[in-house]
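In this text, all values refer to a predicted model and were calculated from it rather than measured experimentally.
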Amino acid sequence: MEETSREAVATAVQRVAGMLQKSDQLDKVEQYRRREARKKASVEARLKAAIQSQLDGVRTGLTQLHSALVDVKDIQSSLADVSKDWRQSINTIENLKDVKDAVVQHSQLASAVENLKNIFSVPEIVLETQQLIEQGELLQAHRKLMELECSRDDLMYEQYRMDSKNTSDMNLISIYFEDVLEGTVSTRIESTQAVTREVDKMWLVRLLEITRKYVLDDLIIVKNLMVQCFPPHYNTFNRFFSLYHNAVSSRVKELAFDDLEANEIVSLLTWVLNTYKSVEMMGHPDLYSECDVNQLEPLLPQDVVNELLTKYITTFTSNITGWLRKALETDKKDWQKETEPEADQDGYYQTTLPAIVFQMFEQNLQVAAQINGDFKEEVLKLCLKQMNFFLIRYRDQAVMYKEEHLRDRQLPQCYVQYMIAIINNCQTFKESINSLKRKYSQSSELSDSDTAIERTLNEVAKEGCQFLLDEVFLDLENHLNDLLTRKWLVGSHAVDTICVTVEDYFNDFNKIKKPFNQEMTNEALRRVVIEYIKAIMQKRITFKNAEERKDGAERMIKEAEQFKFLFKKLAAGEDTDRLCGAIAAIAEVFKLTDPTLLFLEVSTLVSKYPDIREEHIQALLAVRGDASREMRQMIIGTLSENKVSSSSVTQPIFKDITVPTITMTTMTSMATAKLLK
């Protein structure tokens with residue numbers, strides 16, 4: 001505005017200046033001056049008015065901005081309050097989810113009310129259809145299924161017509177009809193259990209077999225008859241296949257969490273892991289072309305399978321311990337019988353214990369093998385471990401049996417025969433264990449249990465043989481005490497009785513299995529010879545003269561031949577000649593008539609039997625009766641200087657023969673005898 005007024009004034013000045021340049025216009029100066037003054041006043045008035053108007057506008061704008069600022073602050077405060085209230089109401093909104101769902105469900109039910117006829121007819125149609133299928137009326141069943149589909153389509157059409165975008169309602173209708181065709185399958189599976197454990201111990205086996213048959217028969221009917229009745233996009237067979245699989249899976253899971261016994265656990269796992277996918281069920285040739293059983297999910301999760309296997313192992317361990325203890329108690333009762341034990345086809349005494357034990361093992365291993373190879377190996381290891389514990393108890397009971405017999409040797413009446421059976425059982429146990437391992441184990445390596453079992457069985461058999469020999473030598477004790485005495489020298493029949501008694505016992509011992517019978521015969525020969533030589537070393541007699549030495553030596557040689565003949569007859573495998581020859585070699589020392597050659601004869605004896613000791617030579621020379629003190633010292637001294645090591649002797653004879661210490665009484669008796677001579 002100021003610039004406009006300045007321009008107007010400048011223009012007026014220029015106009016006035018132009019007028020004043022002419023003389024005729026000077027008179028009009030005053031006129032022009034007044035006119036211009038009026039114009040100037042008018043312009044100034046307009047300028048003032050414009051400026052005032054602008055100032056009023058600015059004032060109004062500032063007032064409005066201030067009011068707006070106040071309003072903004074009020075709105076900001078209100079928004080903060082709203083935000084606070086919203087945060088506090090989140091939980092309330094979430095709690096209203098059920099209300100929302102109820103509203104949706106109410107909407108669905110409102111739609112359903114309009115179609116109650118179709119909805120209520122579904123279960124009835126399904127039931128009638130199932131009955132028609134079971135009766136073989138397949139065409140009528142197909143008609144009912146078409147009615148069911150029509151009901152579903154009508155409902156879905158009505159829903160689509162009301163609200164084509166409400167997919168939840170559409171899915172509800174589909175699921176309703178779907179759960180009815182699934183409910184039928186579940187009912188079919190659940191209806192297979194007709195009996196319980198209380199009624200029939202084989203209830204689970206029967207249940208699983210009925211389930212197998214129902215599922216297989218139903219799926220074959222679906223494949224051969226139902227598939228052709230529906231469009232391909234219905235995927236009818238796979239749908240039923242999946243429904244049956246899910247129903248069976250649910251059923252076996254229920255069974256798995258039941259309180260199953262050990263045999264029931266194995267039956268269930270065998271069916272789940274093997275039978276289910278086999279050609280007997282889902283892998284049947286009639287179904288194979290329609291589905292791949294390898295694509296099926298496991299009926300039971302692996303952790304459930306592992307839990308069942310662990311439970312079985314725990315139960316089986318407890319059961320087998322009880323079975324073995326009961327079997328041993330039953331066998332112990334047989335040991336007290338007054339009749340001989342049974343013999344096998346080869347005539348060897350035996351009891352039923354090994355057969356009972358390994359029948360239990362065999363049955364459980366057969367069952368375990370049906371599950372899988374790893375589990376079979378685990379059960380076999382458990383059987384062998386329990387077998388080792390059992391054999392330790394078996395050994396203890398055999399020892400107690402022997403001790404009981406020694407308290408009264410008349411009882412039990414068939415002690416010898418049952419001890420033979422115990423020994424034979426050890427060999428049967430060995431053979432049975434090897435048979436089980438060949439049949440049920442892929443490993444050829446020896447485990448700790450194998451080694452322990454072998455060691456324990458050998459100990460039981462060896463101790464059993466020793467017990468029987470103890471029995472023999474208890475009967476021989478009096479006759480052995482007669483050896484190398486005056487009574488023996490004048491014609492005792494002690495050795496004849498010993499041979500007859502040994503042969504009589506070995507008629508029973510022949511019923512001991514190899515290799516134990518061979519070892520026992522060898523041990524009997526060795527023990528007879530050692531007892532004979534012990535009788536010499538005890539110096540029960542001192543020969544008075546050469547004639548007595550000759551008679552005694554000849555008798556020893558004859559009796560050595562008797563032993564040799566007897567034990568060759570009994571088929572002793574050890575060197576019979578060497579053992580019996582020890583008696584003959586000692587006899588040669590006694591038989592020698594020239595004392596000057598005694599050193600050579602003794603040297604010959606020592607060279608044949610290097611384990612003979614100094615005290616043995618002393619005893620022999622004492623029994624001979626004519627060796628002077630100087631000669632005895634010379635022989636012993638020379639032999640000591642030229643002593644051959646006996647550590648390399650494989651079958652020592654003199655090692656276990658002790659020479660009684662010479663007491664004062666004995667020395668007095670010997671001195672008196674010399675004076676009498």
Does atom [atom1] ([X]) have a neighbourhood of more than 12 heavy atoms from anything else shown, all under 6.0 Å?
{"X": "Lys513", "atom1": "NZ", "result": "yes"}
{"X": "Lys550", "atom1": "NZ", "result": "no"}
{"X": "Lys381", "atom1": "NZ", "result": "no"}
{"X": "Lys462", "atom1": "NZ", "result": "no"}
{"X": "Glu615", "atom1": "CD", "result": "yes"}
{"X": "Glu342", "atom1": "CD", "result": "no"}
{"X": "Met400", "atom1": "CE", "result": "no"}

Parallel, tilted or perpendicular: ring planes of [X] versus [Y], cut at 30 and 60 degrees:
{"X": "Phe654", "Y": "His616", "result": "tilted"}
{"X": "Phe429", "Y": "Phe358", "result": "tilted"}
{"X": "Phe390", "Y": "Tyr394", "result": "parallel"}
{"X": "Phe506", "Y": "Phe567", "result": "perpendicular"}

Test salt bridge (charged side-chain N to carboxylate O under 4.0 Å, His left out) applied to Arg409 and Glu471, Glu403, Glu404, the passing residue: Glu471
Any Lys/Arg nitrogen of [X] or [Y] sitting under 4.0 Å from an Asp/Glu carboxylate oxygen of the other?
{"X": "Glu561", "Y": "Lys564", "result": "yes"}
{"X": "Asp259", "Y": "Lys311", "result": "yes"}
{"X": "Glu503", "Y": "Lys569", "result": "yes"}
{"X": "Lys655", "Y": "Asp611", "result": "no"}
{"X": "Lys437", "Y": "Asp450", "result": "yes"}

Asp626 side chain near Arg549 side chain, heavy-atom distance below 4.5 Å: yes
Pairwise side-chain contact, Leu570 with Phe509, heavy-atom cut-off 4.5 Å (strictly under): no
Minimum heavy-atom distance Leu380-Ser441, with the two atoms named: CD2-CB, 3.4 Å
Pair Tyr349 and Tyr418, ring centroids less than 6.0 Å apart: no
Any side-chain donor near an acceptor of the partner, Lys430 and Asn458, under 3.5 Å: yes
Mind checking the [atom1]-[atom2] spacing from [X] to [Y]? Nearest 0.5 Å is all I need.
{"X": "Asp448", "Y": "Asn388", "atom1": "CG", "atom2": "CG", "result": "10.0 Å"}
{"X": "Lys326", "Y": "Asn319", "atom1": "NZ", "atom2": "CG", "result": "12.0 Å"}
{"X": "Ile320", "Y": "Met360", "atom1": "CD1", "atom2": "CE", "result": "6.0 Å"}

Gln350 side chain to Ile420 backbone, donor-acceptor under 3.5 Å: no
